[in-house]
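Structure record follows, encoded as structure tokens.
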Amino acid sequence: MQLSELELIRREKLNQLRELGINPYPAALYPVNHTSKQIKQNFEEEKKVTIAGRLMSRRIQGKASFAELQDAQGRIQVYFNRDEICQGEDKTLYNDVYKKLLDIGDFVGVEGELFTTQVGEKTVMVKNFTLLSKALKPLPQPRVDAEGNVHDAFTDPEQRYRQRYADLVVNPHVKEVFVKRTRLFNAMRNFFNERGYFEVETPILQPIPGGAAARPFVTHHNSLDIPLYMRIANELYLKRLIVGGFDGVYEFSKNFRNEGMDRTHNPEFTAMEIYVSYKDYNWMMEFCEELLEYCAIQVNGTTEATFGEHKIDFKAAYPRITMADAIKKYTSFDITGKTEAEIRKAAKDLGVPVDDTMGKGKLIDEIFGEKCEGNFIQPTFITDYPKEMSPLCKEHRDNPELTERFELMVCGKEIANAYSELNDPIDQRERFEAQLKLAEKGDDEATQFIDFDFLRALEYGMPPTSGMGIGMDRLIMFLTNNASIQEVLFFPQMRPEKKVVQVELNEEEKAVLETLKKVEKLPLEELKAQSGLSNKKWDKTIKHLTANKLAKVEKIEEVLIVKLL
RNA sequence: GACCUGGUAGCUCAGUUGGUAGAGCACCUCCCUUUUAAGGAGGUGGUCCUGGGUUCGAGCCCCAGCCAGGUCACCA
């Protein structure tokens, strides 16, 4: 491993600490009794505290020094004074251990007393300190000036995502995003539990990947000798539990889809799905807006949120508009009662790209996606989707061409999708078969498996049920004003880092070295000529050899000589 | 998948027809006992993403590749 100068210095400090009898990685519990936040909130002069954290900045002024300690709650200033720490003659603990052998990033425990400095900063006067863990790699060190400008911010997304641990240490606003993320999950869980709904777990490895149209990841189970798929949705399993007699079940589901990655798609993402018996999609709309209003308040303290240029408000109730009305509003075209040919012509006239394989439902969806979707900034329910796009959804009670389905749009993106669930087993079987036919024809969006076990479950009878799925990553993006899903995942998927290339000699370098070995030293021009290499190649070769201390170039009386080392 | 932009010190970034690689911070050595982007003096530190090519000479120009970000396409 190639170490930088800074890393070598820190390793040397490690040795010096051990020579002084200080274990840089002690095992013992450290009796922390305050956090930085508690100190600031309940500040009392001369109160004794024991705290621990990372050393994040230092201002050394001879025999005294101010530093900042960062713990999970924030930062607190600590004051190291030589004669406070070293009461006797031996000043090693301050002069050497603190000033020379500690570094930014080290974990330190501090026992001290609170006081306020002349400039009014709440500070811990260090009486004793303990090195708890030495950091061997230097952290980036962003700093904030008096005007609040951040200098040397650690901003490169690649480095931040690959080394999220460093990102979290030095970028407090990043940590805040994840605190809010967990608050959102807790809020939602709380909302459901208070209403008596039951959190469950269902299989992630599935013999049939169902509940959505998406390409799955495949793996293989050795003992069973069968392929298993990582789940793309948990819908079919949750409905089996409704069949089994639960009133309401929900699950936060890690789903996996083997598709493209961009700033709104990660191969694994988190959805929440909930199913409640004896309800319909109208009930679910009210439930959804109450839920989101509650969650927004729990996360941000307000129903309002900023997303890019948009101000959005999650306060219930949200407008509802049917898909047909939405299309009429934004295109002046009324799809009601129109034939497939008429709709295709309308789409072409509107400049929406279509082809002949598209059915009526798909055409409507294309028009909506192209012309309407982006217009819904404030939370809005779009209802009553065409039947052929929704194979798991119950037919609309008033119109057999539609389904009882809604999606919630925010800032032009879908964040929730809900149905009055299809519970007619014969209808469900026919819809699966229709999907299978589409798949056989080559429609890669159609589901290519029939889950017969799910149909068997429906045949035992499923009560009328409404279900809803929420994209948790999307939702937290809106609540924290992040345009990229990577900013709301601790560890977004990245291409593997390139392996560090081993220092090895290539053929040219070996040849030059062989030539040199015979004669020990040779004028550079002569060696270059013998090598027969191009200028650039020669340059690279000789530099590589000298850099690895295999050869040396010396200038003797205006002539460059290459010597073997 | 296509196109655009970027990759230089631990971090943030400069880098002029193509002519000895720079700054601030960090780091190291010294001075400094209530500072706060502490200050002062001196110093160290580089695979200029990788591999080819053009050239007397490439961080810079050309080709190929890798990685990232963005736009679009595809996809929930």
Side-chain angles (χ1 to χ4, degrees), chain A residues 2-10 12-13 57-68 75 77-85 94 99-100 103-105 115-121 123 125 135-163 166 170-171 211-215 232-233 255 257-265 267 269 271 353 365 369 373 389 407 413-415 417 444-445 469 471 473-474 483-484 486 492 494-501 503 506 534-537 539-540 543-544 547-548:
Chain A
Q2 198 72 19
L3 295 175
S4 72
E5 188 201 9
L6 299 183
E7 291 169 306
L8 290 170
I9 288 168
R10 289 195 180 206
E12 179 51 32
K13 289 179 179 181
S57 73
R58 284 204 292 183
R59 295 175 287 279
I60 294 179
Q61 341 169 40
K63 298 181 186 66
S65 168
F66 290 92
E68 280 177 299
R75 292 186 183 190
Q77 178 166 272
V78 290
Y79 176 66
F80 287 83
N81 182 301
R82 190 191 67 181
D83 299 326
E84 289 287 339
I85 295 164
Y94 181 79
K99 269 171 72 176
K100 294 195 176 158
D103 285 297
I104 304 294
F115 77 109
T116 308
T117 64
Q118 290 177 2
V119 294
E121 184 84 17
T123 305
M125 166 94 69
L136 294 183
K137 236 177 145 51
L139 285 167
Q141 291 182 51
R143 287 178 310 156
V144 183
D145 68 18
E147 282 85 51
N149 302 312
V150 180
H151 301 262
D152 296 334
F154 182 53
T155 53
D156 178 29
E158 178 171 3
Q159 289 196 74
R160 288 182 44 237
Y161 303 151
R162 288 192 194 281
Q163 303 187 35
V170 304
N171 288 327
R215 285 169 60 196
I232 55 175
N255 295 342
R257 297 187 180 177
N258 204 343
E259 290 167 350
M261 289 163 58
D262 59 34
R263 75 181 204 291
T264 56
H265 295 85
F269 64 98
D365 188 42
E373 203 171 63
M389 296 164 55
E407 289 194 357
K413 301 275 185 222
E414 170 217 336
I415 64 168
N417 183 17
D444 52 7
E445 280 186 41
D473 306 298
R474 290 259 173 92
S484 164
Q486 298 167 105
M494 303 284 279
R495 275 208 165 69
E497 283 182 79
K498 226 190 322 180
K499 288 207 179 81
V500 180
V501 213
V503 180
N506 62 28
S534 71
N535 286 326
K536 175 135 187 169
K537 194 76 203 168
D539 190 59
K540 289 270 177 200
K543 276 179 179 163
H544 196 245
N548 288 290

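No experiment lies behind these values; they were computed from the predicted model shown. The chains referred to below are lettered A, B, ... by the order of the sequence lines, with proteins before strands, and numbering in each begins at 1.
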Q: Just call it for A:Leu139: base, sugar-phosphate, or nothing, with non-hydrogen atoms closer than 4.0 Å on any strand.
A: nothing
Q) For RNA chain B, whose closest nucleotide is more 5', that of A:Asp156 or that of A:Phe115? A) A:Asp156
(Q) Assess the residue pair A:Phe269 and A:Arg257 against the criterion (side chain to side chain contact (heavy atoms under 4.5 Å, CB included)); give the C-alpha distance rounded to whole Å, side-chain angles, the decisive distance to 0.1 Å, and a yes or no. (A) CA-CA 8 Å; A:Phe269 64 98; A:Arg257 297 187 180 177; 3.6 Å; yes
Q: State which of B:rC11, B:rC32, B:rU35 makes the closest approach to the side chain of A:Phe66.
A: B:rU35
(Q) Taking the P atom in each of B:rG42 and B:rC25, what is the distance between them to the nearest angstrom? (A) 13 Å
Scan nucleotides 27-29 of chain B against the protein and return all N/O pairs shorter than 3.5 Å with their distances rounded to 0.1 Å.
residue	atom	partner	partner atom	Å
B:rC28	OP1	A:Lys13	NZ	2.4

Q. Nearest to the side chain of A:Thr117 - B:rU36, B:rA38, B:rU12?
A. B:rU36
Q. What nucleotide, of B:rG70, B:rU33, B:rA68, holds the atom closest to the side chain of A:Arg263?
A. B:rG70
Q.
Rounding to an integer number of angstrom, what distance separates B:rC62 and B:rG19 when you compare their P atoms?
A. 15 Å
Q) Which base, if any, makes a Watson-Crick or G-U wobble pair with B:rG43, both distances under 3.5 Å? A) B:rC27
Q. Can you find an N or O donor on one side and an acceptor on the other, under 3.5 Å apart, linking the side chain of A:Glu121 with the base of B:rU36?
A. yes
Q: May I ask you to verify whether the side chain of A:Asp152 and the base of B:rG24 hold a donor-acceptor pair under 3.5 Å?
A: yes
Q: Rounded to the nearest angstrom, tell me the gap between atom CZ in A:Arg162 and atom P in B:rC66.
A: 14 Å
**Q.** Spacing of OG belonging to A:Ser4 relative to CZ belonging to A:Arg10, to within rounding of 0.5 Å
**A.** 9.5 Å
Q | salt bridge (charged side-chain N to carboxylate O under 4.0 Å, His left out) partners of A:Asp365, counting only residues at least two apart | A | none
Q. When the P atoms of B:rG59 and B:rA21 are considered, how many whole Å apart are they?
A. 8 Å
Q) Got a donor-acceptor pair under 3.5 Å from the side chain of A:Gln77 to the base of B:rU35? A) yes
Q. Choosing from B:rA76, B:rC75, B:rG10, which nucleotide comes nearest the side chain of A:Glu259?
A. B:rC75
Q) Is A:Gln159 near enough to B:rA68 that one of its side-chain N or O atoms lies under 4.0 angstrom from OP1 or OP2? A) no
Q: Tell me what A:Arg495 touches on the nucleic acid: a base, only sugar-phosphate, or nothing, going by heavy atoms under 4.0 Å.
A: sugar-phosphate
Q: Identify whether any heavy atom of A:Thr155 sits under 4.0 Å from a base atom; if not, whether one sits that close to sugar-phosphate; answer base, sugar-phosphate or nothing.
A: sugar-phosphate
Q) Under the 3.5 Å rule, do the base of B:rC75 and the side chain of A:His265 count as making a donor-acceptor pair? A) yes
Q) Can you tell me how far C1' in B:rU20 sits from the matching atom in B:rG15, rounded to whole Å? A) 14 Å
Q.
In whole Å, measure the gap between the P atoms of B:rG40 and B:rC49 for me.
A. 33 Å
(Q) Does A:Lys99 have more than 12 heavy atoms from other residues, nucleotides or ligands lying within 6.0 Å of its NZ? (A) yes
Q) Roughly how far apart, to the nearest Å, are B:rA41 and B:rC4 at atom C1'? A) 48 Å
Q. Which nucleotide in the set B:rU12, B:rA37, B:rU35 lies at the smallest distance from any side-chain heavy atom of A:His151?
A. B:rA37
Q. Given that both distances must come in under 3.5 Å, which nucleotide forms a Watson-Crick or G-U wobble pair with B:rU20?
A. none
(Q) Say we look at B:rU8 and B:rA64: how far apart would their P atoms be, to the nearest angstrom? (A) 22 Å
Q.
Can you check the distance between B:rC28 and B:rA68, where both ends of the measurement are the C1' atom (answer in whole Å)?
A. 33 Å
Q. Reckon A:Val144 touches a base, only the sugar-phosphate, or nothing at all at heavy-atom distances under 4.0 Å?
A. sugar-phosphate
